Number of protein chains: 2
Amino acid sequence: MEATAPTLSRKAQIDQTATALFRTRGFAATSMRELAEALGLEAGSLYSHIKSKQELLHRICFRLADDFFAGFAAATHDAAEPAAVQLRRAIESHVRVLTQDVAASAVFLHEWRHLSEPARTEFLALRERYEAGFRLLIQRGIEQNDLRTPDVAFATLTLLASLNWLPSWYKPDGKLPPSEIAHRLADQLLLGLANS
Amino acid sequence: MEATAPTLSRKAQIDQTATALFRTRGFAATSMRELAEALGLEAGSLYSHIKSKQELLHRICFRLADDFFAGFAAATHDAAEPAAVQLRRAIESHVRVLTQDVAASAVFLHEWRHLSEPARTEFLALRERYEAGFRLLIQRGIEQNDLRTPDVAFATLTLLASLNWLPSWYKPDGKLPPSEIAHRLADQLLLGLANS
DNA sequence: TAAGGTTCCTAACGTTCGTTAGCAAGCAGA
DNA sequence: TCTGCTTGCTAACGAACGTTAGGAACCTTA
């Protein structure tokens, strides 16, 4: 049946289909029977591969979190670089992660609230830590006289907001390639921050 | 019809509590029994005042849509004004509507997908029409040489994205008053677009 | 051949869901 | 007074929910 999916494990297939359904219908509104039907099997059969519905959401959210952190670390690896340059790299990395798996990104951004404790609290802590990374870059960019803004926290929120809206409209088969989107977004956002 | 306080107030009370619950738990994850309990009554009693759960979501979403359109119309009422000025007014109006009822705004922004047809399609059409209004303002601002951007549609999406993230972090009792938030947002976004 | 893991099935469990029916208390205007 | 509207109750409906148990094919490896 699967000619295009070579050796994707059953578990990975379930993750992928669940991600797509969680994105379009939402986590709470997606039933295990819907998920099973989309995979061509019965609801009970899912539990040979996964422990619970919650586990699916957990894996999706925390895998994305890992990706974002890894990308940010790579983007800011060279401490000798100006903060403004690091910020541009971080923005491009963020967009790359978003566009690499739009469905998972949308779930990451909108369905995390359905994580049960303590995962939910842990998730929010990671999110805050990630935002703090961007905040620090902007702060250092200001100190290095490359950026300007009356309110660093405010600017950080606005910047990430602009980026995070992307999964709402991005189509993988659109005419703009992800790299070009990243470039334009960084331009538009940084030229609003850049001095002179 | 009636201006009598008890009738409207009970229904408005249900709307308000439902809005708060839909915001924090999500529409699909909020049960009528939860809603009833939050109001201090039994689930069945709700149906003396409303027709269905769906009706609650419908009313929340379309009331906000009305508010946004009314605000936009007022902001762009004076056709003699430069488009850049109208855009600033429209941004401030948008922020005003968002902050006036943060909970309803969050539902408007995130739960509309649970609207059943044909309301969902109608809602998306309204949303597109609203975005088109902003797009036109930016377009005219460019023609009047007050704004610049390589991609009008792109800039519009980014602008609205920045604004619409506001309900995620805005606290009505925060130290920044809504008008100041609107001002700063407009500044940060427009100085990124403004020429020279 | 035997063993063990992977995969999926049917059937059912207890719970919760949105909603309805029927009824009753309270209050308003006639 | 009667009438009718508002508000709320209890009880229950059928449907859908996440999940489990137990069994049976299949594939691989030895």
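The chains referred to below are lettered A, B, ... by the order of the sequence lines, with proteins before strands, and numbering in each begins at 1. Predicted model only: the values in this text are computed from it and were never measured.
The phosphate of D/dT6 (OP1 or OP2) has no side-chain N or O of B/His49 nearer than 4.0 angstrom. Between A/Ser31 and D/dA16 there is no side-chain N or O to OP1 or OP2 distance below 4.0 Å.
Comparing A/Leu41 and B/Ala43 by the nucleotide of DNA chain C that holds the closest heavy atom to each, the one mapping nearer the 5' end is A/Leu41. DNA chain C is contacted by both A/Gly40 and B/Lys53; A/Gly40 maps to the nucleotide lying nearer its 5′ end (nearest heavy atom per residue). In this structure, B/Ser45 and A/Ser52 both approach DNA chain D, and ranking their closest nucleotides by distance from the 5' end singles out B/Ser45.
No donor-acceptor contact under 3.5 angstrom links the side chains of A/Gln86 and A/Arg89, judged on distance only. Remark: the A/Ser162 side chain and the B/Ser162 side chain contain an N/O donor-acceptor pair separated by less than 3.5 Å. Side-chain atoms of A/Thr121 and A/Glu117 include a donor-acceptor pair closer than 3.5 Å.
Ring geometry for B/Phe68 versus B/Phe108: interplanar angle of 30 to 60°, hence tilted.
Spacing between atom CD of A/Glu42 and atom C1' of C/dA12 amounts to 14 Å, rounded to whole angstrom units. Computed from coordinates, the B/Leu35 CG to D/dG8 P distance equals 12 Å when rounded to whole Å. Per the geometry, CD belonging to B/Glu34 stands 7 Å off P belonging to C/dC17, to the nearest Å. Remark: P of D/dG18 and CD1 of A/Ile50 are 10 Å apart, rounded to the nearest angstrom. Taking atom CD of residue A/Glu37 and atom C1' of nucleotide C/dC8, one finds them 16 Å apart after rounding to whole Å.
Among the nucleotides D/dT19, C/dT7, D/dG8, the one closest to any side-chain atom of A/Arg33 is D/dT19. Checked against C/dC8, C/dG18, D/dT19, the side chain of B/Tyr47 finds its nearest nucleotide in C/dG18. Nearest to the side-chain atoms of B/Arg10 among the listed nucleotides C/dC9, C/dT19, D/dT7 stands D/dT7. Closest approach to the A/Met32 side chain among D/dG18, C/dT19, C/dT7 is made by D/dG18 (side chain taken as heavy atoms from C-beta onward).
At the heavy-atom level, B/Ser48 lies under 4.0 Å from base atoms of the strands shown.
Salt bridge present: A/Arg63 and A/Asp101 bring a charged side-chain N and a carboxylate O closer than 4.0 Å.
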